[in-house]
Amino acid sequence: MSQPQPRDIVVLVPGRLHGHAVTRLGDGFRLVRIDRADPALIDAEVAASVRAVASMTAIDARFIDALPNLEIIANFGVGYDAVDASHAAIRKVMVTNTPDVLTDEVADTAVGLLINTVRELPKAEAWLRAGRWVSDGAYPLSRATLRGRSVGIFGMGRIGLAIARRLAAFGLPISYHNRSKAESVGYTYHDTLVGLAQAVDTLISVAPGSAATDKAVNAEVLAALGTSGVFVNIGRGSTVDQTALAAALKDGTILAAGLDVFDDEPRVPDTLLSLGNACLLPHVGSASVHTRQAMADLVVDNLIGWFDQGRALTPVNETLSVGPRQG
Ligand code: NAP
């Protein structure tokens with residue numbers, strides 16, 4: 001039996017991409033790889049041949065404009081703040097992301113990070129491994145607990161809701177802040193972030209990165225959270241004023257923080273690294289073999305859907321009205 005021939009469609013992959021996505025793209029399309037999303041790395045002929053980009057890196061307006069026949073950008077990840085989707089919409093280029101397939105994994109990670117932060121489990125394990133259980137005795141009682149806490153979620157979308165359901169099952173009251181009240185969500189709504197922070201002692205940020213959320217968790221919000229406050233960020237580093245957060249952790253404005261995301265990844269400032277009350281993870285929210293494979297499949301299936309049926313599976317809001325090119 002003859003092998004099906006790859007479609008004669010050029011897909012450009014700038015920078016690193018999940019291996020399963022690369023393999024499937026190579027089977028189904030003409031794959032072109034470059035080190036990074038830089039127009040200087042492709043000549044005019046290649047640029048004109050590119051009809052799709054598959055990537056997990058920043059795609060800016062200049063790069064989009066350098067590809068005159070680009071139809072679709074398939075982003076690996078549900079957060080697509082690094083892709084200039086508004087500019088893509090102006091250029092009538094479809095942008096897709098990878099929602100839903102990672103929701104439960106990220107929610108699991110958020111709950112794990114919260115428990116690690118309040119119960120100090122990574123520090124307790126380090127105590128055991130250093131032989132201190134033998135030399136010094138039991139690990140000190142954790143200052144914090146989940147018991148009696150009330151949780152506020154900044155960004156009650158797909159992942160926020162999955163976190164809320166988990167923590168509601170732990171017996172904790174839940175409230176949230178979005179730009180607008182979600183009618184289908186029964187949890188208590190606050191129309192400002194500072195109002196939410198005032199009402200709870202545990203704030204979980206899972207809002208997307210955008211101009212509107214930039215440094216939204218600032219000194220005022222942290223002060224409102226209070227001295228027994230715990231802050232967890234599983235969304236985007238850009239949503240937090242990182243300098244204000246480090247200061248609030250250092251001077252006791254809040255009790256502790258659990259962070260999976262940072263302002264300038266992979267760089268984490270010494271002001272956070274040096275703090276004993278910060279539990280830090282290297283952006284591993286969705287990072288299991290299972291979930292990353294599902295995300296890779298959705299990247300490729302979006303391209304197949306677009307070129308075979310003229311329909312992307314998971315378009316982002318900005319490009320919902322973008323249709324396939326005629327002719
Ligand atoms: P989603 O379903 O679109 O939910 C986002 C929520 O944020 C929505 O409910 C939205 O409600 C709210 N929101 C957006 N802008 C806001 C603003 N300016 N002020 C207040 N609320 C705002 O997205 P999701 O699938 O849950 O993913 C959320 C984010 O998680 C992603 O964008 C990504 O950055 C992050 N993430 C991180 C990891 C990780 O590894 N750590 C993994 C996956 C995702 P309104 O529209 O009503 O405001």
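Whatever order the structure lists ligands and atoms in, that order sets their numbers, starting from 1.
Close approach of ligand 1 to Ile234 is summarised as follows: ligand atoms under 4.0 Å from at least one heavy atom of the residue are 36 (N), 37 (C), 38 (C), 39 (C), 41 (N). Short contacts between ligand 1 and Thr213, defined as distances under 4.0 Å to a heavy atom of the residue, involve ligand atoms 16 (C), 17 (C), 18 (N). Near Ala212, meaning under 4.0 Å from one of its heavy atoms, ligand 1 places the atoms 18 (N). Counting the atoms of ligand 1 from 1 in the order shown, those under 4.0 Å from a heavy atom of Val106 are 42 (C), 43 (C). Residue contact check: Val206 has heavy atoms under 4.0 Å from atoms 28 (C), 29 (C), 30 (O) of ligand 1. Taking every heavy atom of Ser180 and a limit of under 4.0 angstrom, the matching atoms of ligand 1 come to 47 (O). When each atom of ligand 1 is checked for a heavy atom of His177 under 4.0 Å away, the hits are 20 (C). Atoms of ligand 1 found under 4.0 Å from any heavy atom of Met156, numbered from 1 in the order shown, are 9 (O).
Asp35 places no side-chain N or O within 3.5 Å of a backbone atom of Gly15 that could act as its donor or acceptor partner. Under the 3.5 Å distance criterion, the side-chain polar atoms of Thr319 are matched with a main-chain donor or acceptor of Val95. Side chain of Asn97 to backbone of Gly77: no donor-acceptor contact under 3.5 angstrom is found. Side-chain atoms of Thr291 do not come within 3.5 Å of backbone N or O of Ser288 as any donor-acceptor pair. Although no hydrogens or angles enter the test, the distance criterion places no donor-acceptor pair under 3.5 Å between the side chain of Glu318 and the main chain of Ala85.
Ligand 1 lies within reach of Phe154, whose nearest heavy atom is under 4.0 Å from it. Residue contact annotation: Pro99 has no non-hydrogen atom under 4.0 Å from ligand 1. Put simply, part of Ser286 is less than 4.0 Å from ligand 1, judged by heavy atoms.
Considering backbone and side-chain N/O of Gly155, none are found under 3.5 Å from N/O of ligand 1. Between Gly157 and ligand 1, an N or O atom pair is found at a separation short of 3.5 Å. At under 3.5 Å, not a single nitrogen or oxygen of Ala207, backbone or side chain, sits near a nitrogen or oxygen of ligand 1. For ligand 1, one of its N or O atoms has an N or O atom of Arg179 under 3.5 Å away. Between Asp81 and ligand 1, no pair of N/O atoms sits closer than 3.5 Å. Inclusion of Thr103 in the set of residues having an N or O under 3.5 Å from an N or O of ligand 1 is not warranted.
Side chain to side chain, Arg158 and Thr103 fail the donor-acceptor criterion of an N or O pair below 3.5 Å.
The proximity of Ile159 to ligand 1, defined as any non-hydrogen pair under 4.0 Å, involves the side chain as well as the backbone. Only the side chain of Val78 comes within contact range of ligand 1, with a heavy atom under 4.0 Å; no backbone atom does.
Between Tyr176 and Tyr189, the ring planes are tilted. Angles from 30° to 60° get that label.
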